[in-house]
Number of protein chains: 2
Amino acid sequence: MKVLIVEDDPLHRSYLHEAVCAALPECETVIEAESGTAGEKLARDHRSAHVVMDLQMNNRNGIEAARTIWKERPDTRILFWSNYSDEAYVRGVSRIVPDGAAYGYVLKSASDERLKLALRSIFVEAQCVIDREVRGMQQKSLGQTKGFSDTEYEILVDIALGLTDRAIARRRNLSLRSVQNRLQQLYEKLDVYQTASDDHDDSRFNLRARAVTVAMLRKLLNYSALERAESELAEWLKSL
Amino acid sequence: MKVLIVEDDPLHRSYLHEAVCAALPECETVIEAESGTAGEKLARDHRSAHVVMDLQMNNRNGIEAARTIWKERPDTRILFWSNYSDEAYVRGVSRIVPDGAAYGYVLKSASDERLKLALRSIFVEAQCVIDREVRGMQQKSLGQTKGFSDTEYEILVDIALGLTDRAIARRRNLSLRSVQNRLQQLYEKLDVYQTASDDHDDSRFNLRARAVTVAMLRKLLNYSALERAESELAEWLKSL
DNA sequence: GTAGATGATGCGGGATCCTGCAGGACGCGC
DNA sequence: GCGCGTCCTGCAGGATCCCGCATCATCTAC
């Protein structure tokens, strides 16, 4: 077995290296990449079907890297090992995992035991292992209760990018009014009204801008999600 | 000498511990805190005047923690040890460092040598040590050329928080028109117009929302800056 | 088949935002 | 004093945004 480690922090990388060797005695080679782009290349060259991947790397996002790896080899098994369980990350990951692929999501705060267990479960048994905390996120994300539907998330991203209502309508093939409808939904769910009107007609928020900030603070959006959305937007803009 | 380490990542914490012991043989005790709040408390209890601090911690931001520590003992020497040199961080740090205080800013990507040198320079020699890369940021931040003045940064934060023009005017003691003037300045500097009008009257951006996103992507703003701004805003709102 | 729920769309109005134009206040240098 | 630059302010107008009201299509349930 060959395992590829994609992690930009040297300390974490060597820790992972040891953990992999300890948990998987049948693993004969461990390759290390220190950026997302390097990870993509090494995965291609070595045809390694077992990857441990950090999200949030400087050079290239873990999600981006995973997407291209999975695009080339959908049966690759990837264990995401991340500091955070931001809903933005969780949603980003579950959007790119191919049907039937074995993958995992373990937090860096997990114990050695749990990490090793996850390594064996995914790489040997081909099972999916999702951290409890992350799992909670996923429920909230996919389930309706208190969570955000895909359309709501979509429009959240669009206003976060700074598109006008008209531009969103064109992009999503909707009428202007529908876009505004969805915006209203979003504002309600994000609870932007509560703080909006203070007492009389005083100190109000700009709903659109406020929604983005609230989403950020709630980790519904984060830098990496913005980055991805921005590049998707650029692509769409090119296609007129 | 007593050194306090504030860092939430266990691997990085133990690495720092070793580095401190190696660089400072005269250091008899090393204390560790794994969150900003714990760091504040330990600094108070142990009266430790030498701190190594991570920015970007989950529980409490490094900048917040440093601010309260410095508020209680302005002669404390703090070395910030961070993964990033986001302008938002650099600006946040330089806003809170007291007059004449010795401090440092070293990136985690720096070599062992450089870290140890910085430790000695700051804790023994009371000199300021700023990483080259961070220094560049600082120049850009404080200098006018291509950088953002304080007033521009202020209004950027305000619209990022989602305030209306009127609310900003009240908060900053300006007229409505002045707020809008500053917004125009901001839009120009952030280059929001370039992509705004595509060809005819087509696909435009909402300038206000777009400005925030562009600032995010340029690391002028980040999560931690938003967090701080949000709590400042809450305070201001309480004072009617 | 009728009723109800959900979602897309159109119309219209009031509030906000963005900006051009013009004028006033302040400081700086000659 | 005078000119110049920078910053703040008011006014006006057009574009955009936010939202209530109403219609229509689809789908589900009974």
Side-chain angles (χ1 to χ4, degrees), chain A residues 143-145 147-156 158-215, chain B residues 144-145 147-156 158-214:
Chain A
Q144 318 313 347
T145 330
F148 290 72
S149 74
D150 282 347
T151 62
E152 285 158 354
Y153 189 74
E154 212 171 46
I155 205 164
L156 170 60
D158 284 340
I159 61 168
L161 286 173
L163 294 173
T164 59
D165 292 1
R166 206 185 310 279
I168 299 174
R170 226 190 319 274
R171 186 176 187 196
R172 306 297 183 189
N173 283 319
L174 289 171
S175 76
L176 205 59
R177 189 63 182 90
S178 298
V179 171
Q180 295 167 338
N181 260 341
R182 293 190 177 180
L183 279 175
Q184 274 185 270
Q185 281 181 260
L186 185 69
Y187 296 154
E188 277 187 41
K189 285 222 183 172
L190 284 175
D191 217 16
V192 186
Y193 297 105
Q194 187 186 12
T195 43
S197 58
D198 218 9
D199 27 302
H200 32 318
D201 59 340
D202 213 23
S203 65
R204 278 230 188 84
F205 282 115
N206 176 319
L207 294 177
R208 177 176 286 245
R210 184 66 184 163
V212 176
T213 305
V214 170
Chain B
Q144 320 311 348
T145 329
F148 290 74
S149 72
D150 282 346
T151 63
E152 285 158 352
Y153 189 73
E154 212 171 45
I155 205 164
L156 169 61
D158 283 341
I159 62 169
L161 286 173
L163 294 172
T164 59
D165 292 2
R166 205 185 310 279
I168 299 174
R170 225 189 321 274
R171 186 178 187 195
R172 306 296 183 188
N173 283 318
L174 289 172
S175 77
L176 204 60
R177 188 64 182 90
S178 297
V179 170
Q180 294 167 338
N181 260 340
R182 293 191 178 181
L183 280 176
Q184 272 185 275
Q185 281 182 258
L186 184 69
Y187 295 154
E188 276 187 41
K189 285 223 181 172
L190 284 176
D191 217 17
V192 185
Y193 296 105
Q194 186 185 15
T195 44
S197 58
D198 218 10
D199 25 304
H200 30 317
D201 59 342
D202 214 26
S203 65
R204 280 232 187 84
F205 282 113
N206 177 317
L207 295 178
R208 178 177 286 245
R210 185 66 184 163
V212 176
T213 306
V214 169

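Nothing here was measured: the structure is a model prediction, and the numbers come from that model.
OP1 and OP2 of C/dA8 both lie 4.0 Å or more from every side-chain N or O belonging to A/S178. At least one side-chain nitrogen or oxygen of B/R166 sits closer than 4.0 Å to the OP1 or OP2 atom of C/dT16. For the pair A/R177 and C/dG7, the criterion of a side-chain N or O lying under 4.0 Å from OP1 or OP2 is not met. Between A/Y193 and D/dC19 there is a side-chain polar atom (N or O) within less than 4.0 angstrom of OP1 or OP2. Phosphate contact (OP1/OP2 of C/dT16, side-chain N/O of A/R204, threshold under 4.0 Å): present. Under 4.0 angstrom from either OP1 or OP2 of C/dC17 there lies no side-chain N or O belonging to B/Q184. Under 4.0 angstrom from either OP1 or OP2 of C/dC18 there lies at least one side-chain N or O belonging to B/R208.
Nearest approach of B/A209 to A/I159, heavy atoms of both residues: CB-O, 3.7 Å.
Two residues are said to be in side-chain contact when any heavy atoms from C-beta on lie closer than 4.5 Å; B/Y193 and B/L207 meet this criterion. With contacts defined as side-chain heavy-atom distances shorter than 4.5 Å, the pair A/Q185/A/I155 does not qualify. Side-chain atoms of A/D165 and A/L183, non-hydrogen and from C-beta on, do get closer than 4.5 Å to each other.
The CD atom of B/Q185 sits 11 Å away from the P atom of D/dT6 (whole-angstrom rounding). Look at CD1 on A/I159: it is 17 Å from P on D/dT16, rounded to the nearest Å. In this structure, CD of A/Q180 is placed 12 Å from P of C/dT9, rounded to the nearest angstrom. Look at CZ on B/R182: it is 17 Å from P on C/dT19, rounded to the nearest Å. The separation between A/E188 atom CD and C/dT6 atom P is 13 Å, rounded to whole Å. To the nearest angstrom, P of D/dG10 lies 11 Å from CG of B/L174. Between the CG atom of B/L176 and the P atom of D/dG13 there is a distance of 17 Å, given to the nearest Å. Going from atom CG of B/L183 over to atom C1' of D/dC7 covers 15 Å, rounded to whole Å.
The closest donor-acceptor contact from the side chain of B/R210 to the backbone of A/L163 lies at 3.5 Å or more, if one exists at all.
For B/T164, the side-chain atoms get nearest to C/dT16 when compared with the rest of C/dT16, D/dT9, C/dT19. The A/N181 side chain lies nearest to C/dT9 when the options are C/dT19, D/dC17, C/dT9.
Of the residues near DNA chain D, A/A209 and B/V179, the one whose nearest nucleotide (by heavy atom distance) lies more toward the 5' end is B/V179.
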